[in-house]
Amino acid sequence: MRSLVFSFKKRRHHSGNRIKRFSAADFRCFLHRYGVRLVGVLLLIVGLAAGSIYAGNADSSMMYSLDFLFTTNLEARLSHNIISIFCACFASNFIFLLTVFLLGLAPWGILLMPAVALFKGFGTGLTAGYLFITYGFKGAGFYLLVLLPGTFIFCLALVTLLSYSFAFSKNMFGILVSRSSKPAPVWGSLLDFCSRSVSALLMTFLASMLDAVLWTLFAGTFNF
């Protein structure tokens with residue numbers, strides 16, 4: 001019995017030490033590994049808030065002009081079949097994905113990637129705010145039930161690709177400013193970057209499929 005109590009105290013002592021050891025070094029390691037993704041999420045949230053606020057000043061012509069990048073023309077989308085809806089959703093998402101991928105291949109891409117995340121967040125907030133302002137709680141319900149699931153998955157894909165693109169672009173920038181006569185080979189890093197980007201593309205495909213299915217199943221129940 002005494003050995004059991006001693007063992008329990010010893011475990012508590014080790015557990016306390018383990019909690020103490022999670023300090024600044026672990027936090028720096030966490031930021032080093034996930035810092036870019038956290039910044040990407042923060043930029044999306046800032047853009048989302050800005051778009052929601054600006055939605056009160058947006059007119060119908062502006063919303064129709066942005067429909068190719070964001071879901072802002074409900075009447076046109078509601079008249080499409082499931083294949084057309086999937087193609088429209090995938091095309092708009094793929095533009096953002098391709099932009100971030102191409103910026104990752106450029107040494108100066110790290111300067112423009114935050115703008116892409118902000119713009120995506122702005123468009124998402126603009127759509128959500130416009131639906132709520134125009135249609136009230138019915139528009140909010142439509143956004144939560146039909147648009148939000150696919151949008152959430154795609155935002156995860158965008159943030160994931162953003163972190164990969166940032167790392168590769170930063171590597172390219174380091175090689176560009178390096179004074180070494182023999183720069184480090186980038187072929188292996190390029191293959192790794194491309195293979196990692198496939199996961200973001202698959203997530204985008206899944207998000208578009210989910211959008212198309214939800215539009216087909218539930219969009220008709222909302223009378224706009």
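Side chains are part of it too, since the values below use all heavy atoms of this structure and drop only hydrogens, waters and symmetry mates.
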d(Leu162 CG, Cys155 SG) to nearest 0.5 Å is 11.5 Å
Evaluate side chain to side chain contact (heavy atoms under 4.5 Å, CB included) for Leu190 paired with Leu105, printing each intermediate quantity in order.
CA-CA 9 Å; Leu190 178 61; Leu105 298 177; 3.7 Å; yes
Could you measure the distance from the CZ atom of Phe132 to the OG1 atom of Thr134? Nearest 0.5 Å is fine.
11.0 Å
Within the 6.0 Å centroid threshold, strictly below: Phe205 and Phe86
yes
Result of checking Leu148, Thr204, Leu210 against Ile153 for side chain to side chain contact (heavy atoms under 4.5 Å, CB included):
Leu210
Taking the ring of Phe218 and the ring of Phe142, is the distance between their centroids below 6.0 Å?
no
Could you tell me whether the side chains of Asn81 and Ser84 share a donor-acceptor contact shorter than 3.5 Å?
yes
For a 4.5 angstrom cut-off between non-hydrogen side-chain atoms, does Leu112 reach Val116?
no
To the nearest 0.5 Å, what is the distance between CG on Leu161 and CG on Leu156?
12.5 Å
Measure across Lys120 and Leu158 and return the closest heavy-atom pair with its distance rounded to 0.1 Å.
CG-CD2, 3.8 Å
Is any side-chain heavy atom of Leu217 less than 4.5 Å from a side-chain heavy atom of Val146?
no
Less than 6.0 Å separating the ring centroids of Phe193 and Phe101?
yes
Quick one: CG on Asp211 to CZ on Phe90, what's the gap to the nearest 0.5 Å?
12.0 Å
Please step through side chain to side chain contact (heavy atoms under 4.5 Å, CB included) for the pair Val100 and Tyr164, ending with a clear verdict.
CA-CA 9 Å; Val100 172; Tyr164 299 151; over 6 Å; no
So which heavy atom on Met113 is nearest to which on Ser169, and how close?
CE-CB, 3.9 Å
Check residues 36-54 and write down every donor-acceptor pair under 3.5 Å in which the side-chain atom is one partner and the other belongs to a residue at least two apart or another chain.
| residue | atom | partner | partner atom | Å |
| --- | --- | --- | --- | --- |
| Arg37 | NE | Ser163 | OG | 3.4 |
| Ser52 | OG | Leu48 | O | 2.8 |
| Ser52 | OG | Gly125 | O | 3.4 |

Working to the nearest 0.5 Å, report the span between OH of Tyr143 and OH of Tyr130.
15.5 Å
How far apart are the closest heavy atoms of Leu97 and Leu201, and which atoms are they?
CD2-CA, 3.7 Å
For Ile110 and Pro107, work out which heavy atoms get closest and say how close.
CG1-O, 4.0 Å
How long is the gap from CG on Leu131 to CG on Leu147, to the nearest 0.5 Å?
6.5 Å
Identify the two heavy atoms, one from Ser195 and one from Asp192, that lie closest to each other, and give their separation to 0.1 Å.
OG-O, 2.8 Å
At their closest point, which heavy atom of Asn93 faces which heavy atom of Ser208, and how far apart are they?
ND2-OG, 3.7 Å
Could you check if a side-chain atom of Trp108 sits within less than 4.5 angstrom of a side-chain atom of Leu103, using non-hydrogen atoms only?
yes
Just checking Leu191: does its CG atom have more than 12 heavy atoms from other residues, nucleotides or ligands closer to it than 6.0 angstrom?
yes
Could you check whether any side-chain heavy atom of Pro149 comes within less than 4.5 Å of a side-chain heavy atom of Leu214, counting everything from C-beta outward?
yes
